[in-house]
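When a ligand or atom number is given, it counts from 1 through the structure's own listing order. Heads up: numbering here begins at 1 and tracks the sequence.
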Amino acid sequence: MKDDMKIYWNLYFNKFSNDKIMKQKHNPLREYVAEIIDGPIIDIGCGQSALLLEFSGSEKFIYAIDNEQEQLDYLSKRLLNQPKFTITNWSFLKLNFPDEAIPQNIYSLIILSNILHFFSLQKCKEIIKDITNYTTSGSLIYIEVHSDKFYANNPENPENNLYYKHYFNVDDLNNIFIEIEFERIYLAEIEKKDSIEDKTFVSDWLDEVIRLCDVPVNEINNLKKNYLKDKSQSDLIAIFKKK
Ligand SMILES: C[S@@+](CC[C@H](N)C(=O)[O-])C[C@H]1O[C@@H](n2cnc3c(N)ncnc32)[C@H](O)[C@@H]1O
């Protein structure tokens, strides 16, 4: 992880309580909890997963997967503050997905929240095809991705897909989840302007980056201008159910 992201996640951990991040997360899984079938849950690229925090009292076996140990440590510290948390049914695995295979199981729920946009559309197709082998009838797959309306998406820019490899539309999701195998049971497009709180957080983060990383002032001013401008976050959230 680059130093600026280390600082970002550390600040996120210290500034935002579990309650805050759970309330802030648009979480349609709550509506389907009662119909989650038997079998473990896995969150791939979990970070400090607000979605997993809501399963802290669950008796299911839960795998939290991330390629950064710091993020797994932050998540486990957050879980220790959750009521009814029992560590015995949790596994925190540092793993570089999809190059390293996830544990061989049939999962009841697979969470891919804010991770697929780091892969090309073709790679996402391969990932979902492969992940289908870890599901059975009734398994749910939760997807959250940046949409093509996300503020950073500019197809005219030759460097558009250097960081985020793909910005999704609904057809992309329908194409990677083949209709004969999956039913889409939930879809939402969230468009939102950053709140003052969001902007304050980003400003504090950049101040920390300046303080700790010795970034030239003009570079940081550009970063601030870019990050703090009035921009529109835009994400697609979908839940697919294996037929
Ligand atoms: C943007 S955060 C999303 C965190 C969380 N899923 C959420 O939606 O709030 C992306 C997370 O995925 C992890 N990550 C990125 N690439 C990964 C990979 N190839 N394998 C596993 N984890 C990855 C990052 O370390 C980071 O914690």
Side-chain angles (χ1 to χ4, degrees), residues 1-30 41-56 62-79 82 90-103 107 109-120 122-124 126-128 130-131 134 140-147 150-153 161-168 173 186 188-190 192 194 198 201-202 205 227 233-239:
M1 196 181 344
K2 280 171 63 186
D3 284 349
D4 57 345
M5 286 318 290
K6 275 187 202 293
I7 296 168
Y8 182 96
W9 291 121
N10 177 271
L11 201 62
Y12 182 84
F13 176 73
N14 286 313
K15 276 217 155 189
F16 297 132
S17 68
N18 291 356
D19 277 355
K20 162 88 187 155
I21 68 172
M22 284 190 284
K23 272 189 193 134
Q24 201 172 32
K25 183 85 171 169
H26 181 90
N27 181 357
L29 281 171
R30 283 184 203 126
I41 291 174
I42 187 166
D43 186 338
I44 303 169
C46 58
Q48 299 173 36
S49 180
L51 296 174
L52 283 190
L53 290 178
E54 297 214 18
F55 287 100
S56 59
I62 300 189
Y63 292 90
I65 307 285
D66 205 282
N67 62 0
E68 296 292 349
Q69 188 59 47
E70 283 101 328
Q71 288 283 65
L72 295 170
D73 294 343
Y74 289 135
L75 178 62
S76 61
K77 281 187 198 151
R78 283 187 179 279
L79 282 158
Q82 285 297 105
W90 285 70
S91 178
F92 300 86
L93 296 177
K94 181 172 180 289
L95 188 154
N96 194 33
F97 176 80
D99 298 344
E100 294 175 280
I102 59 173
Y107 292 98
L109 169 63
I110 298 175
I111 299 173
L112 289 158
S113 174
N114 288 305
I115 173 112
L116 285 184
H117 42 234
F118 291 113
F119 300 98
S120 69
Q122 180 53 38
K123 189 70 188 171
C124 289
E126 290 164 23
I127 286 172
I128 299 303
D130 182 51
I131 250 180
Y134 296 77
L140 301 181
I141 303 187
Y142 173 98
I143 301 289
E144 185 170 334
V145 282
H146 292 332
S147 91
F150 192 78
Y151 70 93
N153 184 26
N161 299 111
L162 284 187
Y163 188 65
Y164 297 125
K165 301 288 185 295
H166 188 72
Y167 296 94
F168 292 76
L173 291 183
Y186 187 90
E189 179 154 18
I190 313 283
K192 67 163 215 148
D194 288 341
D198 293 333
F201 175 75
V202 169
W205 165 52
Y227 273 107
Q233 308 279 350
S234 191
D235 294 305
L236 285 171
I237 296 179
I239 303 174

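- Within the structure, ligand 1 has Asp66 among the residues with a heavy atom less than 4.0 angstrom away.
- Of all atoms in ligand 1, numbered sequentially from 1 with element shown, those under 4.0 Å from a heavy atom of Phe97 are 18 (C), 19 (N), 20 (N), 21 (C).
- For ligand 1, the atoms closer than 4.0 angstrom to any heavy atom of Asn96 are 18 (C), 19 (N), 20 (N).
- Here is the list of ligand 1 atoms found below 4.0 Å of a heavy atom in Leu95: 20 (N), 21 (C).
- Taking a 4.0 Å cut-off on heavy atoms, Ser49 fails to register as neighbouring ligand 1.
- Considering backbone and side-chain N/O atoms, Pro98 never comes within less than 3.5 Å of an N/O atom of ligand 1.
- Within the 4.0 Å heavy-atom shell around ligand 1 one does not find Met5.
- Polar contact check, Asn67 against ligand 1: a nitrogen or oxygen pair lies under 3.5 Å apart.
- Every atom of ligand 1 with a heavy atom of Lys25 under 4.0 Å away is listed here by number and element: 8 (O).
- Residues passing the salt bridge (Lys or Arg N to Asp or Glu O under 4.0 Å) test with Lys25 are Glu144, sequence neighbours excluded.
- Taking every non-hydrogen atom of Glu68 and a distance limit under 4.0 Å, the qualifying atoms of ligand 1 come out as 25 (O).
- Ring centers of Tyr63 and Phe92: at least 6.0 Å apart, outside the cut-off.
- Aromatic ring pairs are classed by plane angle as parallel below 30°, tilted from 30° to 60° and perpendicular above 60°; the pair Phe16 and Phe201 is tilted.
- In this structure, Ile143 and Leu236 have side chains that are not in contact, with every pair of non-hydrogen atoms separated by 4.5 Å or more.
- Looking at Asp66, its side chain never comes within 3.5 Å of a backbone N or O of Leu72 through a donor-acceptor pair.
- Residues passing the side-chain hydrogen bond (donor to acceptor under 3.5 Å, both in side chains) test with Asp43 are Ser49, sequence neighbours excluded.
- Here the side chain of Gln24 pairs no donor or acceptor atom with the backbone of Lys20 at under 3.5 angstrom.
- For Ala50, no heavy-atom contact with ligand 1 is shorter than 4.0 Å.
- Ring orientation note: the planes of His117 and His146 are close to parallel, at an angle under 30° on the 30°/60° scale.
- Within the structure, ligand 1 has Gln71 among the residues with a heavy atom less than 4.0 angstrom away.
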